[in-house]
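Note that the numbering runs from 1 along the sequence shown for the chain.
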Amino acid sequence: MLSRTAPPVDPPPPLPHSRGPLSSAVLAVLRGEPAFRADPAQADQYGDDLQLALYCCYELHYRGFADVPDDREWEPGLLALRRELERVFERALRADVPAAAGSREEVTAELDALLVEPVDGRGPSWHLRRHGTLAQLREYVALRSLYHLKEADPQAWVIPRLSGPAKAALVSVEHDEYGAGDPDRMHSRLFADMMAALDLDTTYGHYLDAAPAWALAEVNFMSLCGLHRRLRGALVGQFAAVELTSSPGSERLVRAMRRLGCPQAAIDFYDEHVEADAVHEQVVRHGVIAPMLAAEPALSADLVFGVRGSSLLADRFGDALLEAWTAGRSAMRIPLPDVATLAGSA
């Protein structure tokens, strides 16, 4: 059922602080200051400066930034710099994941591998389920908010780039992501409700300055694939990597939150994904990928690239979290304030 009440429009976030010459150059253009030259080829491909610069360029296609004119989205000089940033980022990803042969058998094997759950896995959801602390859970959620408060938006860009059964099936998954017509059940809304229950700021983009490069890179990869028609196969691969692996990870996070005594409002988001993504797994694999590759078999190699690139960045995200937590320090550039207890928790 569609809501009859118009919700308040979230204001765009403020511009973040720069982290080097590339992000300084982008932010200068966004503030209307004279542009200056910065060379992406000299930057760390996965580093804070390049990833923040790219994130800011992409954010213009989402909510934008406070006090930045909407027409800055298509500013030619900024688009030219974004293209250079994208080339550096994509080149690094293609160098760091095994090249795909592009066969249907390879696609099947890649997707089958995503469904294999280790008996004794390693990663943030495993750690949080076993012995993670409330502080670590809150950091995880705060960093994931960069994507989940815009959940399904990057993938929506691929809809006009598909046709026939693949388009119809992908729209059915997106329909669920957007609450099946109920704005209170939109996954981004459920995530915001979880943040509020964990005493986190639910403002869109609030944790951008606190997010390290490896948290930005995951979102940037989605935006890169979504905004380029030539990467439509990679975007579907990225979507598949998320949907095929989400259900068991969400179940571990539900168990982690119950162990930590979190209120039900904090649990609902991941509880929803345990069942929903188990269904989406089948729809994406058989309803989207199969007809897409039947119509355009040449997209097989890019689909595998999307799966492998997404998995690489997710692993780097997880490894960085666990490295920080194991060392007894915050994984965020700006640590969260301590919270003694949560309303409704045990």
Side-chain angles (χ1 to χ4, degrees), residues 19-20 22-23 38-58 81-103 105-116 118 121-126 143-144 146-147 154-155 158 211-228 230-246 249 289 298-324 331 333:
R19 304 184 192 179
L22 294 173
S23 52
D39 187 3
Q42 304 302 315
D44 176 355
Q45 302 97 318
Y46 301 113
D48 274 301
D49 189 29
L50 186 141
Q51 292 300 325
L52 178 63
L54 195 51
Y55 189 97
C56 289
C57 289
Y58 287 146
L81 176 55
R82 191 191 92 185
R83 186 65 185 124
E84 293 183 55
L85 297 167
E86 289 176 327
R87 285 181 177 137
V88 171
F89 183 39
E90 184 180 347
R91 190 180 302 122
L93 284 169
R94 291 193 182 275
D96 289 341
V97 301
S103 68
E105 294 76 16
E106 183 181 38
V107 170
T108 299
E110 201 72 26
L111 298 177
D112 286 345
L114 292 174
L115 297 175
V116 177
R122 181 180 184 276
S125 65
W126 295 90
L143 291 173
R144 294 297 292 162
L146 294 179
Y147 165 59
Q155 291 79 19
V158 84
W214 37 266
L216 305 180
E218 276 201 289
V219 188
N220 284 340
F221 185 54
M222 301 178 201
S223 300
L224 169 69
C225 295
L227 284 167
H228 290 273
R230 68 179 177 84
L231 292 174
R232 61 195 180 279
L235 190 282
V236 171
Q238 179 277 322
F239 198 31
V242 172
E243 296 297 328
L244 270 66
T245 60
S246 173
I289 292 175
L299 296 181
S300 295
D302 261 351
L303 186 142
V304 173
F305 169 63
V307 172
R308 292 174 179 173
S310 178
S311 299
L312 171 75
L313 294 172
D315 287 346
R316 290 193 173 201
F317 177 97
D319 289 347
L321 279 174
L322 293 180
E323 180 183 355
R333 299 177 76 248

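With rounding to the nearest 0.5 Å, the separation of OG in S310 from CD in E218 is 6.5 Å. Taken to the nearest 0.5 Å, the OH atom of Y58 stands 8.0 Å off from the CG atom of L85. Distance check, rounded to the nearest 0.5 Å: CG of L50 to OH of Y55 gives 15.0 Å. Separation of atoms CG (L321) and CZ (R144) is listed at 9.5 Å; rounding is to 0.5 Å. Atom OG of S246 and atom CG of L114 lie 12.0 Å apart (nearest 0.5 Å). We find the CG-CG distance between N220 and L52 to be 9.0 Å, quoted to the nearest 0.5 Å.
Counting only distance, with no hydrogens or angles, the side chain of Y147 and the backbone of M222 share no donor-acceptor pair below 3.5 Å. Looking at R94, its side chain never comes within 3.5 Å of a backbone N or O of A99 through a donor-acceptor pair. Not one N or O on the side chain of D302 forms a donor-acceptor pair closer than 3.5 Å with the backbone of L231. Between the side chain of D49 and the backbone N or O of G20, at least one donor-acceptor pair lies under 3.5 Å.
Nearest heavy-atom pair across R19 and A211 is NH1-O, 2.8 Å. When all heavy atoms of L244 and L111 are compared, the closest pair comes out as CD2-O, 3.8 Å. Scanning all heavy atoms of the two residues, the minimum distance from F89 to L54 falls at CD2-CD2, 3.7 Å. Summarising the geometry of D48 relative to A213, their closest heavy-atom pair is OD1-N, 3.0 Å, with the distance given to 0.1 Å. Pairing each heavy atom of P212 with each of L143, the nearest pair is CD-CD2, 3.7 Å. Across A234 and F305, no two heavy atoms sit closer than the pair CB-CD2, 4.0 Å.
At a threshold of 4.5 Å between non-hydrogen side-chain atoms, the residues P154 and V219 do not count as touching. The side-chain heavy atoms of T108 and S103, taken from C-beta on, include no pair separated by under 4.5 Å. Within the 4.5 Å cutoff, the side chain of F239 has no heavy atoms near those of the I289 side chain. Residues S311 and T245 are not in side-chain contact: their nearest non-hydrogen atoms beyond the backbone lie 4.5 Å or more apart. Contact annotation: the side chain of L303 never approaches that of Q238 to less than 4.5 Å [non-hydrogen atoms, C-beta and beyond]. Side-chain contact between E106 and S300 is absent, with no heavy atoms from C-beta onward closer than 4.5 Å.
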Problem set entry | R308 and V304: CA distance, side-chain angles, deciding distance, side chain to side chain contact (heavy atoms under 4.5 Å, CB included) verdict | CA-CA 6 Å; R308 292 174 179 173; V304 173; 3.3 Å; yes

For this session: Show your reasoning for whether side chain to side chain contact (heavy atoms under 4.5 Å, CB included) applies to L235 and F221.
Result: CA-CA 9 Å; L235 190 282; F221 185 54; over 6 Å; no

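Residue pairs that meet the salt bridge (Lys or Arg N to Asp or Glu O under 4.0 Å) test with at least one member in residues 232-242, sequence neighbours left out, are R232-E296.
The pair E86-R83 meets the salt-bridge criterion, since a charged nitrogen lies less than 4.0 angstrom from a carboxylate oxygen. At a threshold of 4.0 Å, the pair R230-E90 counts as salt-bridged, since one of the basic side-chain nitrogens sits closer than that to a carboxylate oxygen.
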Name each donor-acceptor pair under 3.5 Å that joins a side chain in residues 312-320 to protein atoms two or more places apart or in another chain, with its distance.
from	atom 1	to	atom 2	distance (Å)
D319	OD1	R122	NH1	3.0

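Side-chain contact, Q51 with Q45: no donor N or O sits under 3.5 Å from an acceptor N or O.
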